[in-house]
Amino acid sequence: MTKADLISLVSKIIDEQAIEIKDRKYHFKTYSDCFLGNDFIDYLIKQKISFSVESAIELGNHMIELGLLSHVCRDHLLKYEGLFYRFTA
């Protein structure tokens, strides 16, 4: 997918509220406007954008490289876990 395709994907997810983006708390700190990595990966698979967890992770990490999404603390690449991420584009 091109960067333009990925930007369109981000817009679609946000516009359609396809995954739950909300303020979340962890260790008494609130992270605004974020989503869970596993929810994002599940969405990519459900929409047939990716066909496996591994390919969805690769796509997500490519999006991180392009600056379209990031871990809230920039500590992790995309993982199929309940870690917090946000769109940055």
| message | Quick check against the 3.5 Å criterion: does T88 have a side-chain atom that pairs as donor or acceptor with the backbone of S70? | response | no
| said: Could you go through I64 and L78, starting from their C-alpha distance and side-chain angles, then the distance that decides it, and tell me whether this counts as side-chain contact (heavy atoms from CB on, under 4.5 Å)? | reply: CA-CA 8 Å; I64 289 172; L78 185 62; 4.3 Å; yes
| message | Can you tell me which residue among V72, I21, I13 is in a side chain to side chain contact (heavy atoms under 4.5 Å, CB included) with F35? | response | I21
| query | Are any of the side-chain heavy atoms of K3 and L68 separated by less than 4.5 Å? | reply | yes
| message | Any side-chain to backbone donor/acceptor pair from Y85 onto G60? Under 3.5 Å, distance only. | response | no
| said: If I take atom NE2 from residue H76 and atom CD from residue E81, how far apart are they, to the nearest 0.5 angstrom? | reply: 7.5 Å
| Got L59 and M1 here, is their nearest side-chain heavy-atom distance under 4.5 Å? | yes
| query | Are L36 and L77 connected in the hydrophobic side-chain network, where two residues link if heavy atoms are under 4.5 Å apart? | reply | no
| Do D33 side-chain atoms and K22 backbone N/O form a donor-acceptor pair below 3.5 Å? | no
| Out of Y31, F84, Y26, which residue meets the side chain to side chain contact (heavy atoms under 4.5 Å, CB included) rule with C73? | Y31
| Is there side-chain contact between N38 and V53, with at least one heavy-atom pair below 4.5 Å? | no
| query | Do I41 and Y43 belong to the same hydrophobic cluster, where Ile, Leu, Val, Met, Phe, Trp and Tyr are linked whenever their side-chain heavy atoms lie under 4.5 Å apart, directly or via other members? | reply | yes
| message | Please verify the inter-ring angle class for F87 with F40; under 30° counts as parallel, over 60° as perpendicular, anything in between as tilted. | response | perpendicular
| said: Would you say that Q47 contacts K12 through its side chain, given a criterion of any heavy-atom pair below 4.5 Å between the two side chains? | reply: yes
| Quick check: does any side chain N or O of R24 sit under 3.5 Å from a backbone N or O of C34, one acting as donor and the other as acceptor? | yes
| field | S8 and D5 side chains, donor-acceptor separation under 3.5 Å | value | no
| query | For the side chain of D39 and the backbone of I19, is there at least one donor-acceptor N/O pair under 3.5 Å apart? | reply | no
